[in-house]
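Following: one structure in structure tokens, then a few remarks.
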Amino acid sequence: MTMATISTLPARVRFAPSPTGFLHLGGLRTALFDWLYARHTGGQFILRIEDTDQKRFNPESLDDLMRSLRWLGLEWDEGPDIGGPHAPYIQSERRAIYRQYADWLVEHGKAYRCYTTEAELEELRAAGKPYDRRHRNLTPEQRAAFEAEGRPYVIRFAAPLTGSTTVHDAIRGPITVENSSVVDPVLLKSDGLPTYHLAVVVDDHLMEITHVLRGEEWIPSAPLHVMIFDAFGWSAPVFVHLPVILDPSGKGKMSKRKTVVDGREFSPFVRDYISGGYLPDAMFNFLANMGWSYDAEQEIFTREEAISRFDVADISPKATALPFGKLEWMNGVYIRRMAPTQFAEAVAPYIAADLGMSVESLRHDRRLIELAPLIQERIKVLTEATPLVDWAFAPAEQITYPDPTLLIGKKLTAVESIDVLKASAEIVADIEPFEVSALEAAFRSRAEAMQVKLGSFLAPVRVAITGKPVSPPLFESMHVLGRAETLIRIGNAIQALRLHAMQTA
RNA sequence: GGCCCCAUCGUCUAGUGGACUAGGACUCAGCCCUUUCAAGGCUGCGACAGGGGUUCGAAUCCCCUUGGGGCUACCA
């Protein structure tokens, strides 16, 4: 590696999802940018779980999240499972910390206990009004009365009533809002857990986070976070609000359900791409192009190249719709670039699952080893492999010809096609050695002798041995099957075509 | 409604005042190659939302309009 001119200090960047469901592509993109920036600066990538909403907690999601991140190759330096200098990294295990900091704010007049009931708040909402700061300036007597009553309370932030606050966003520049628009948000809920606002500020400070990359839906509350940092007397990290990912069909945020593009369904969840035959390298490359670009003329690049050039300042502020068609294309590019043996290893599980075979036996199966390189440039996702090779794993009886007309070559009659199949059988029976090049030479000269174009000559044979009009290269396919099996299938096809000719005559 | 963000081909993007007759990629169409399907090669279609400024000069800077998006919870 050459010495890059890195003027940036090592950054501490965290990915802080809340475990409420399966990780989606937007979250993965955020994690990727976090990781990229941490690696670019030689800093740390930290995973922190923001589970302060016990109602929305989904126990499956933590595992899904870590699996997804690791699948993409985003290893974290500190996190819930591996610990670190600022453990724990799960917010529900840090509640005492938040309580302590919330109390500190109350003691210093920067926050206050609010006893407003759910019903009172509902009244305000119904009238279309925000919270009216009614308990901001309670007298000691009023407060004592509420306490004596045993009323539950929340702790609200006493936001400045005048002036304005400016947030410096690394990709958008300064964003200023009037302080009066921030109406004393809740910092600590009545269940004793903090809201996002308190937890994020306390943890980002305690964990020495230098750069906060998060979705742009956080822009409106960013000024509040700056105010809270100020109230504690802490300096705020650099804020980088990533553009949202739009739904490709229609508009708005990408939906939580499947979305249909060009008649095909695409899921927003990472897990579906893991099981759907996508390669982590391709997904990595694809996502890296969403809102950031490596180079004006080059969009296929390695992880190392991305790390060397990635900078938060170069991220685009524009919301983007994921071009799923491009994801498929890129996955195909990565599939084609794999070493043949590596590709065979990668497709084996998918084919084995579809065919009900054991992955281990398939991995060492001569048929797969021979077929894999032939289908490598023909599929865009690993799940497309099976229909291209299943015929090789089925016995001849299972290769039926429900539509016998497929056995008729272009510009040929049924009878002529039968002649072609008979000639083919002769070649297959006699050829020595039974190898691809010998087969090809023999078929070519026989086609020429019979004055049939090679394409037309081969079509009936292709359908005869694979049962399909589309297949991997024919001579190789015959070789995979072997002489005997090939002859049986051609024989069966001749029978089927004869029957068809008789019925239509 | 209020506050905030955004605006280049259908989509992802390059572009930070002159190198722009606006470049690349996906998709689509055509041609070539070819044993089917792919892959590959070549060509083509296709954009600076509109209007005002600033400037010798604007896709690039400012303003307005329009359009899109986000937030507006004791959710994150």
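To find a chain, count down the sequence lines: A is the first, B the second, and so on, and within it residues start at 1. Treat the numbers as computed from the prediction; the structure is a model and nothing was measured.
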Below 3.5 Å between N/O atoms, which protein atoms pair up with nucleotides 23-28 of chain B? Just atom names and distances, please.
unit_1: G23(B); atom_1: O2'; unit_2: Glu297(A); atom_2: OE2; d: 2.7
unit_1: G23(B); atom_1: N2; unit_2: Ala296(A); atom_2: O; d: 3.2
unit_1: G24(B); atom_1: O4'; unit_2: Glu297(A); atom_2: OE2; d: 3.4
unit_1: G24(B); atom_1: O2'; unit_2: Glu297(A); atom_2: O; d: 3.3
unit_1: A25(B); atom_1: O4'; unit_2: Glu299(A); atom_2: OE2; d: 3.1
unit_1: A25(B); atom_1: O2'; unit_2: Glu299(A); atom_2: OE2; d: 2.2
unit_1: A25(B); atom_1: N3; unit_2: Lys326(A); atom_2: NZ; d: 2.8

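- A side-chain hydrogen bond (donor to acceptor under 3.5 Å, both in side chains) with Tyr115(A) holds for exactly one of Glu149(A), Glu147(A), His135(A); it is Glu147(A).
- A straight line from CG of Leu246(A) to P of G67(B) spans 17 Å, rounded to a whole angstrom.
- The separation of C45(B) from A29(B), taken at their P atoms, amounts to 16 Å, rounded to a whole angstrom.
- Residue Ile175(A) is in sugar-phosphate contact alone, with no base atom involved, counting any heavy-atom pair closer than 4.0 Å across all strands shown.
- A donor-acceptor pair under 3.5 Å is absent between the side-chain atoms of Arg156(A) and the main chain of Cys114(A), judged by distance alone.
- Contact check of residues 196-205 of chain A against RNA chain B (heavy atom, cut-off under 4.0 Å) returns Tyr196(A).
- A donor-acceptor contact under 3.5 Å is not formed by the side chain of Ser471(A) with the base of C37(B).
- In summary, the aromatic rings of Tyr153(A) and Phe146(A) are positioned with their centroids too far apart to meet the 6.0 Å limit.
- Heavy-atom distances to RNA chain B give each of Ala16(A) and Lys318(A) a nearest nucleotide, and the one nearer the 5′ end belongs to Lys318(A).
- Using a 4.0 Å cut-off between a side-chain N of Lys or Arg and a carboxylate O of Asp or Glu, Glu416(A) and Lys411(A) do not qualify as a salt bridge.
- Remark: His24(A) pairs with no residue by the ring-ring contact (aromatic ring centres under 6.0 Å, His included) rule, at least two apart or across chains.
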* To do: Apply salt bridge (Lys or Arg N to Asp or Glu O under 4.0 Å) to Arg309(A) and Asp314(A), showing your working.
  => CA-CA 10 Å; Arg309(A) 290 199 193 176; Asp314(A) 297 330; over 6 Å; no
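- Under a 4.0 Å N-O distance rule, the pair Arg14(A)/Asp34(A) does not qualify as a salt bridge.
- Projected onto RNA chain B by closest heavy-atom contact, Arg29(A) and Glu216(A) fall at different nucleotides, the more 5' of which corresponds to Glu216(A).
- At the phosphate of A76(B), neither OP1 nor OP2 sits under 4.0 Å from any side-chain N or O atom of Thr20(A).
- At a cut-off of 3.5 Å, with distance as the only test, no side-chain donor of Thr466(A) or Ser471(A) sits close to an acceptor on the other residue.
- The CZ-P distance, from Phe286(A) to U13(B), rounds to 9 Å in whole Å.
- Between the P atom of A76(B) and the CG atom of Leu23(A) lies a distance of 18 Å, rounded to the nearest Å.
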* **Stepwise salt bridge (Lys or Arg N to Asp or Glu O under 4.0 Å) check, Arg134(A) with Asp184(A)** => CA-CA 10 Å; Arg134(A) 60 180 61 173; Asp184(A) 298 4; over 6 Å; no
